[in-house]
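One structure below.
Quick caveat, the model's predicted, so the values are computed rather than measured. A note on names: the letters A, B, ... follow the listed sequences, proteins ahead of strands, and every chain is numbered from 1. Only heavy atoms go into these numbers, but all of them, side chains included; no hydrogens, no water, no symmetry mates.
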Amino acid sequence: MKIAHVIIDRMARGLDRAWSYVIPEGMDIRVGHRVHVPFGKGETLGIVTAVYEYGTPDSAADVVLKPVLNVVDPVPVLSAVMIELGMWMAEEYLCFPIQAYKAMLPRNIRLRPFSAPTQELCQVVGQRQGRPSKRQQLWDILAERGPLLKEELLREMPEMRQVLRDLVKEGTVVINRVDSASPSFPVVKGHRSPFTLNEEQMHAVTTIVEAAPGSKWLLEGITGSGKTEVYLQIIETIVQQGQQALVLVPEIALTPQTVRRFQSRFGQAVGLWHSSLTDSERAKTWQAVRDGHLAIVVGVRSAIFLPFRDLGLIVLDEEHESTYKQEEHPRYHTRDVAFWLADKTGTKVVLGSATPSLETAFYARQGLIGWIRLTRRIGTRTLPPVEIIDMREELQEGNHSIFSRALQQALTRALDRGEQGILFLNRRGYASFVMCRDCGQAVQCPHCSVTLTYHQDQNKLMCHYCFYTIDPPTACPHCGSRRIRYFGAGTERIVEEVMKLWPGTRVLRADRDTLSSRHSYYQLYDDFVNRRADVLVGTQMIAKGMDFPHVSVVGIVAADVALHLPDFRRSERTFQLLVQASGRTGRGDLPGVVIVQAYEPEHFAIQSAATHGYDDFYNQEIQYRRELGYPPFGNLWLLEVADASEQKAKETIHRIFEKVTGLMEMGIEVLGPAPAPLPKVRGRFRYHVLLKGAKNPRIMAVLSEIERDELSCSITVDPYYML
DNA sequence: GTGCGCTTCATG
DNA sequence: ATGAAGCGCACT
């Protein structure tokens, strides 16, 4: 008789452990199966985490066990590695194991047994002209007759087995796994990369290809240095070795170019994974990955949990992006999970960025992970000159426009020559607050402690936190005055200004208001690249990884908007945004120019971005982090209480404060309790306690106790936003 | 006595 | 989480 350990689908303290059930005779149940089990009065779904022979020490306690009712899927949905990963996540991120498992499985997934076994398709690559030999003979046969199934080929010429192996090793023949049910399925394009790599890129490729399994790398390459091409070539060898590769991107809709490059290189062997897939597309891709029909997946963070059979490589492109961190339970960081997989399964991990997160850059410089730099732009491209404009001076000298004179001139010149420009501003809407000239009161959201943003296209005032919307008041709600003014320019306002200053200019706007669907993003990208518009105005969403060859001016309208947020990464974010945005120009044959407008231009994040100096930035920022004990030198835990009753919220935060004060003895800094920087959001009052220090088991024990006992408290490790 | 709200307990 | 049992207290 066999016993199954089951993690049940109920989220509550005390229930988050394995429950034992008898596996009925003849029922096929293995680790990773989903099962229905009786529990309490009713029944629940659960995941099998272990199977034991009855009588072994771990099999059960001395209680009468109930039997498993039935199995949900014909085959396990999670591998043993994934089961282990879920346990690790539960501990690391203070969540219930079942939350981790749920994050790994697409919702509503229905599994079928493994689909038809895969077959191997042999295919030539490029050209080969050697002396008459067995190798050349076989190569010629393959070149002439096109892709052939390995099985058939060897049935016909069994003596060629070793010769074929040699050709694959040589790189002139590749073998792809295909679904035998649809023989035309994945075909890796039959030619090698059309690009020749420069020395640096070549070095990066060979270093990583030859590196030990499980090794981790930072590929630190300036914008335009050809990181994607490096990924592509590494993946080529990974795939030829019969392994799978995963390319993670921050947001798939924002990287249409990257996706296209993978698809054009690897064709049907590439699968996509992102949030706007339908349930059935999702299930199909999931299954194709599991059955080995997809060699490569390009996807967002949750793709890290796809059921790869043999994953050889994980690429995290734009490694520093905050989208790699899940903000809800399980609050994992994709990089951590990738590293865990590397240690556990031998998958290689490559983190790519022009502006790595401080943590990653630190680990690389300390030698804890490998470090490869790409310091040159490919081809004849150069980094654009960056000019910093002090907006205080502009104002003093009588320029009240949102645009500095330098930016106006640069854009005028570009437009006269028929070139394009991009303007960045990290603020949506038309005006970020509406204020009465007489009493000085700004219109606030009644549910959140923020001002309402005016959206001109809908003629509404809107809260960006809870979407509370009202008509713009004609009189001040406080004093009745009619002298109401709009302050704090947003993207809508920029568009209006551009059209005013350069009449007849075709302007596109890209922010969360104009781009809701994936389709409209592709549309916008296409329109701009094909010069159906002259100026693109947008938030940081357009700063990422896109090539616009006709853009010769990039204007950053207000570089320091994010510099004063209560966020220990504020300098890092500002620097990253500026460098990424600057990288949007000078990518074609045109020389580009970047104009950075700031009110605090002397800040080192802005100065080092202007010289494209990551090292300068790093050296200063790492010192600040070290002095203050921020990551990577220590962890930060943000304990947040939110409650509709202010009194309750206060009581809870004080109770929590009491629980953590003991940690101060061991050198943990405890800040607070204090109202959050945004004390009220969506009608709930918010209070914070912040812990800072080195992680240790005692802290984790205290935190997990709080996480379980205090329902209105949420804990974030190394938060990205501390608002 | 019994109906109702709140706490405690067990769940394999 | 969820249901059941235990407990205290007001009330037809």
Side-chain angles (χ1 to χ4, degrees), chain A residues 1-73 76-78 80 82-84 86-87 89-109 326 328-332 640-645 647-649 651-652 654-656 658-659 684 701 703-715:
Chain A
M1 190 164 67
K2 285 198 161 165
I3 307 300
H5 278 187
V6 176
I7 297 283
I8 54 163
D9 187 12
R10 294 256 177 105
M11 273 185 284
R13 167 160 135 87
L15 298 189
D16 55 333
R17 59 188 176 90
W19 299 88
S20 299
Y21 291 88
V22 172
I23 300 175
E25 207 55 49
M27 196 183 272
D28 174 35
I29 290 182
R30 281 163 284 156
V31 169
H33 258 124
R34 288 189 295 186
V35 288
H36 280 291
V37 290
F39 194 79
K41 273 273 126 182
E43 59 176 78
T44 15
L45 193 63
I47 295 233
V48 177
T49 55
V51 173
Y52 294 100
E53 193 58 49
Y54 184 79
T56 50
D58 287 321
S59 63
D62 51 353
V63 285
V64 182
L65 301 183
K66 293 184 183 173
V68 172
L69 296 175
N70 56 55
V71 203
V72 178
D73 312 285
V77 290
L78 292 176
M82 286 300 170
I83 294 292
E84 205 180 322
M87 291 299 175
M89 286 170 67
E91 217 172 280
E92 187 73 13
Y93 303 112
L94 304 168
C95 67
F96 297 117
I98 192 70
Q99 290 178 304
Y101 295 134
K102 282 180 144 180
M104 294 175 181
L105 292 169
R107 56 189 189 85
N108 299 333
I109 193 166
Q326 171 129 75
E328 284 111 47
H329 277 309
R331 300 199 169 103
Y332 63 92
E640 177 176 306
V641 170
D643 202 300
S645 147
Q647 193 52 40
K648 258 195 182 163
E651 283 166 19
T652 312
H654 279 104
R655 205 163 47 238
I656 287 166
E658 292 304 320
K659 288 183 186 176
R684 301 205 300 168
L703 291 179
S704 73
E705 192 191 309
I706 292 172
E707 178 87 4
R708 280 138 183 257
D709 293 351
E710 302 288 356
L711 292 172
S712 58
C713 178
S714 71
I715 301 173

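- Contacts of Glu92(A) classified as side chain to side chain donor-acceptor pair (under 3.5 Å), with partners at least two apart in sequence or in another chain: Lys695(A).
- For the pair Trp19(A) CH2 and dA10(B) C1', the interatomic distance rounds to 8 Å; values are reported in whole Å.
- Atoms CD1 (Ile3(A)) and C1' (dG12(B)) sit 10 Å apart, rounded to a whole Å.
- Counting only heavy atoms from C-beta outward, the side chains of Leu69(A) and Pro38(A) approach each other to under 4.5 Å.
- Note: CG (Leu69(A)) to C1' (dG12(B)) measures 12 Å, nearest angstrom.
- With a 4.5 Å cut-off on side-chain heavy atoms, Met104(A) and Val77(A) do not count as touching.
- Counting heavy atoms from C-beta on, the side chains of Val37(A) and Trp19(A) never come closer than 4.5 Å.
- First and last contacts of DNA chain C with chain A, using any nucleotide atom under 4.0 Å from a protein heavy atom and ordered 5' to 3', fall at dA1(C) to dA4(C).
- Between the CD1 atom of Ile8(A) and the C1' atom of dA10(B) there is a distance of 12 Å, given to the nearest Å.
- With contacts defined as side-chain heavy-atom distances shorter than 4.5 Å, the pair Met87(A)/Thr49(A) qualifies.
- Annotation for Lys2(A): atom NZ does not count as buried by contact number, only 12 or fewer foreign heavy atoms lying within 6.0 Å.
- Among the atoms of the strands shown, base atoms are found under 4.0 Å from some heavy atom of Phe39(A).
- When rounded to the nearest whole Å, the span between CG of Asp16(A) and P of dT11(B) equals 16 Å.
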